[in-house]
Structures are given as structure tokens and as C-alpha cells.
Amino acid sequence: QQQVKQSPQSLIVQKGGISIINCAYENTAFDYFPWYQQFPGKGPALLIAIRPDVSEKKEGRFTISFNKSAKQFSLHIMDSQPGDSATYFCAASIVNSGGSNYKLTFGKGTLLTVNP
Amino acid sequence: NAGVTQTPKFQVLKTGQSMTLQCAQDMNHEYMSWYRQDPGMGLRLIHYSVGAGITDQGEVPNGYNVSRSTTEDFPLRLLSAAPSQTSVYFCASSYSRLPGVYEQYFGPGTRLTVT
């Protein structure tokens, strides 16, 4: 049973356009939702993350929108650039009582290509 | 800080061979994890550790062993390699005691091929 479903699998956007990647989760105990960016041959790197107490978080051109009732969250990349071309993973976890997380459940990833 | 380091970067094994993937971090993180990444599958948790001497299974633990004798190191052992273990392996670490800090830091990965 896939606990975090990510769509689309691949996405092609023109430079300057908006890239939107969606994720849906099933486990209502999840309370930490990060997005990771991965370039070929590299490990994933945290891009932006959100907790369920807010509906939106913005960092520069990257925004997470979170809908707790629908159990969905999405990544918006504004003014997409060729340098944003990478694989993006959504993930979810439960922040334990110690205040950290160590068991991320990942979506299957979205390959984003931004054409110049 | 070097962050999370993994060795080797590439490895080819024959079916039935054993090997150890090394992972080390110099950030004094308590939590460390191993994931495998397969095409179209995302990353899946193999084993994790919440501190020295404490380990537990993740989603796909079969065929792998781990131990955590120090805070810095978290090796992953393949007992008898199988072609199904061909994958890219990532080690990650995170800090447990800083309020509001939940980021997992990933290493550069080890690409393993089992023939």
C-alpha cells in the first residue's frame, strides 16, 4: 500500500512558467511534509518543508500548499528556470516526541524538465 | 564539516558475495537511516538507528544487516548479494534535539550492481 502518491511522473515546463507537483497521503498521523530535490548522480537535498499547522509556506520561488482535510500537498515552482531541472520527491513522516524524524515515506518522484 | 559521506561510490558484486557499504557523518547526529532508490520507486527505508547501539527495521530490511557502534558510523551489510539488490543506496542523518529542526541530510549514494 503506497502511503504517499505523487503526480505527475514527469513534467515539462517552459522557462518562466509555473511547475506544479502534487502529492496525496493516507496516514493521518503524518505531521511533517518535506520536498526533496535531486540532481543526477547526487543525493536528495531538502528544498522546503511544511507542518500541518499552516496551509502554505513560501521560500523564494518555491511554495508548498497544504490541504489537511483532503490529505494533499503540492509544490509550486514559480518562474521555473532550466537550473530547476531535477527530480523532485515529496515525503512524509511523523515527528516523534523527541522532536525529530528519521523514517521518511517518499513519493515515487517527478522528473521536471525546464526548457530554455 | 564533510556532512554525510558514503563509500564506495560504485560497486559491482557477483550473486552470493557479501559486502559492507560504509556511511559516516561528522555532525553529531543521533538519527541515521539507510534508503534504497530504484527507478520509478522513490526511496524506501531499509534500516534506521536512533542512537549508538539501537537499530530497527524499515520498509525493506530483508537481506541487509546494520549495526551502530558509534554515533558517527552506520554501515550497511549485504549478507549474500542478489540481483534484486541492484540499486542506489543512500545514507541519511538527522539531529534529534534541536526544536523545529527535522531535516534529514543525505549522502552522495553508492551505486551497487549485482550480476
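Chain A is the first sequence line, chain B the second, and so forth, proteins listed ahead of strands; every chain is numbered from 1.
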Using the ring of each side chain (for Trp, its six-membered ring), is A:Tyr36 parallel, tilted or perpendicular to A:Phe106, with breaks at 30° and 60°?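 Judged by the thresholds at 30° and 60°, the geometry between A:Tyr36 and A:Phe106 is tilted.
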Would the distance check show the side chain of B:Arg44 and the main-chain N or O of B:Glu59 forming a donor-acceptor pair, the cut-off being under 3.5 Å?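 Not a single qualifying donor-acceptor pair exists.
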Would you call A:Asp31 and A:Arg51 a salt bridge, taking side-chain N to carboxylate O under 4.0 Å as the test?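 A salt bridge links A:Asp31 with A:Arg51.
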Got a salt bridge between A:Lys58 and A:Glu56, using NZ or NE/NH1/NH2 to carboxylate O under 4.0 Å? no
Toward chain A, the part of B:Leu43 with a non-hydrogen atom under 4.5 Å: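 Both backbone and side chain of B:Leu43 come within 4.5 Å of chain A.
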Residue part contacting chain B, namely of A:Gln9, when any heavy atom lies under 4.5 Å: neither
Chain B contact via A:Pro34 - which portion, at a heavy-atom distance below 4.5 Å: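 Contact with chain B: none, neither part.
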